[in-house]
Asks: 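Mind having a look at this structure? Questions to follow.
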Amino acid sequence: MSMAQVDYDGLIPNNVALGQDVRVKRALEKWHPGYIDWWMDMGPEGFQTALVYLRTAIGVDPKGWAKFDYVKMPEYRWGVLLAPPREERKIAFGSHKGEDAWQEVPGEYRAMLRRLIVIQGDTEPASVEQQRHLGMTAPSLYDMRNLFQVNVEEGRHLWAMVYLLQKYFGTDGREEAEALLQRRSGDPDTPRMLGAFNEKTPDWLSFFMFTYFTDRDGKMQLEALAQSGFDPLSRTCRFMLTEEAHHMFVGETGVTRIVQRTCEAMKQAGISDPHEIDKVRKLGVIDLPAIQKKANMHFSLTLDLFGNEISTNAANAFHAGLKGRYREDRLEDDHQLESGTYPVLRLIDEKIQNEDASALSALNMRLRDDYVVDCNIGVGRWNKVIAEHGIPFEIKLPHVAFHRHIGEFSRTNADVDGNILSPAEWTKRRTEMLPSSSDRDFIESLMKPEFTPGKFAGWIAPPRVGIDNKPGDFEYVKIADA
Ligand SMILES: [Fe+2]
Ligand SMILES: [Fe+2]
């Protein structure tokens with residue numbers, strides 16, 4: 001069987017010859033019922049028996065790896081899929097640079113590697129939990145389907161990490177795989193591991209911002225792990241990135257469509273000042289300043305996921321050859337970073353300023369910088385839509401020091417332009433920059449379901465094209481079967 005094909009005969013579709021790997025096959029089959037219990041408990045609420053037009057991976061060939069069909073979500077074929085191996089792959093960075101990539105876990109780095117896999121794994125089910133109530137208020141069947149597509153694929157990403165734990169980490173891998181099903185987003189006693197994954201996703205604007213900003217952190221992490229000298233992790237992440245692209249597409253186009261609808265409605269009503277919030281809201285669309293505040297919140301929460309600007313963990317993982325830089329293979333330097341510096345934005349004498357740090361210890365900062373560049377691309381597209389309508393407003397990413405809970409700037413209060421505020425000023429100005437309770441109430445008031453095929457809630461424009469080239473009135477979710 002070629003690597004690009006997936007074995008669909010057993011309980012767990014896979015391209016890792018699971019049929020010949022009895023121990024791991026049994027371990028995964030034992031884990032499966034707990035996973036399904038978790039999905040029924042914490043997966044999309046109210047739609048577990050609906051027929052959803054989903055794509056399922058049937059191969060790992062970049063051209064034509066998925067097929068589309070109606071599926072009930074609990075019957076989705078979650079599988080273990082690795083990108084094809086690259087022949088004679090070498091470790092591309094760190095102290096082992098030039099050695100053969102590892103096919104087994106290097107003993108000296110076992111704990112570090114397991115932790116990287118567990119942290120990545122923990123984010124996958126967390127986002128499903130965060131988004132589980134959204135189906136009920138979907139602005140269209142098209143959007144509902146996209147939500148569920150993202151959800152089932154995050155479930156598959158959990159499978160991807162659990163496979164690595166079960167196959168390569170023995171008893172403690174099995175324990176970690178269990179624990180991934182036990183933690184719950186936002187639970188005070190057993191929360192998910194990272195802050196942004198314990199926040200609520202209360203409405204669809206938040207969902208689109210989350211998939212735009214937070215799934216993009218996922219992309220950056222996966223890109224860095226795809227460089228790993230531990231080959232199974234690299235191959236796993238490479239295939240996950242194929243799926244991840246759709247999640248960010250959902251976020252980017254979702255926000256674009258909201259912005260578009262707002263601009264259209266403003267123009268129609270002859271409102272040219274985007275700050276006439278009451279007038280805009282009366283039209284039943286989301287004002288641009290509220291969209292900006294949501295972006296501020298999701299961007300700042302996501303920056304926290306990159307960890308401390310100066311980090312020995314990041315340095316160690318790179319030095320060990322476990323986690324590289326963003327697209328390490330396209331960078332031109334010595335890939336070891338034993339010497340050299342990188343400018344790091346820090347809080348020095350209550351001022352935000354650059355300071356050179358050793359390139360190795362500044363790797364989190366570097367990944368975060370790459371992330372910000374990537375984020376700005378879509379923001380530019382949102383602004384193009386606003387400009388096309390002649391409305392004087394520009395969505396801007398806030399300063400990286402704004403509203404932070406981890407790293408250098410967690411010790412201070414900065415505004416969106418990076419000016420340091422006193423605690424009193426921060427409290428006073430907070431709702432200029434982050435959603436206020438009245439912003440949240442207004443957005444929530446718009447969250448009424450629109451389940452008629454081809455129809456869209458009034459606050460969001462229809463997409464330009466359908467999924468899988470389906471026509472505008474295609475029934476992406478058959479709820480009647482629920
Ligand atoms: Fe994911
Ligand atoms: Fe994702």
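Residue numbers count from 1 along this sequence. Remember, it's 1-based here, ligands and their atoms both numbered in the order they're listed.
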Asks: Around atom CZ of Arg115, are there more than 12 heavy atoms from other residues, nucleotides or ligands closer than 6.0 Å?
Replies: no
Asks: Establish, yes or no, whether a centroid distance under 6.0 Å links the rings of Trp38 and Trp31.
Replies: no
Asks: Measure from NZ or CZ of Lys478 to the centre of the six-membered ring of Tyr70, then state whether that distance is under 6.0 Å and the direction lies within 45° of the axis.
Replies: yes
Asks: To make sure I understand the geometry: which N, O or S atom in Glu244 is closest to the Fe ion (ligand 2)?
Replies: OE2
Asks: Name the one of Lys323, Arg327, Arg325, Arg216 that satisfies salt bridge (charged side-chain N to carboxylate O under 4.0 Å, His left out) with Glu223?
Replies: Arg327
Asks: Would you confirm whether the ring centroid of Tyr168 sits within less than 6.0 angstrom of the ring centroid of Phe230?
Replies: yes
Asks: Looking at His157, pick out the N, O or S atom nearest to the Fe ion (ligand 1) and give its name.
Replies: ND1
Asks: Taking both backbone and side chain into account, is any N, O or S atom of Asp215 nearer than 2.8 Å to the Fe ion (ligand 1)?
Replies: no
Asks: Does any N, O or S atom in Glu154 come within less than 2.8 Å of the Fe ion (ligand 1)?
Replies: yes
Asks: Hey, is the Fe ion (ligand 1) within less than 2.8 Å of some N/O/S atom on His247?
Replies: no
Asks: Of all the N, O or S atoms in Glu124, which has the shortest distance to the Fe ion (ligand 1)?
Replies: OE1
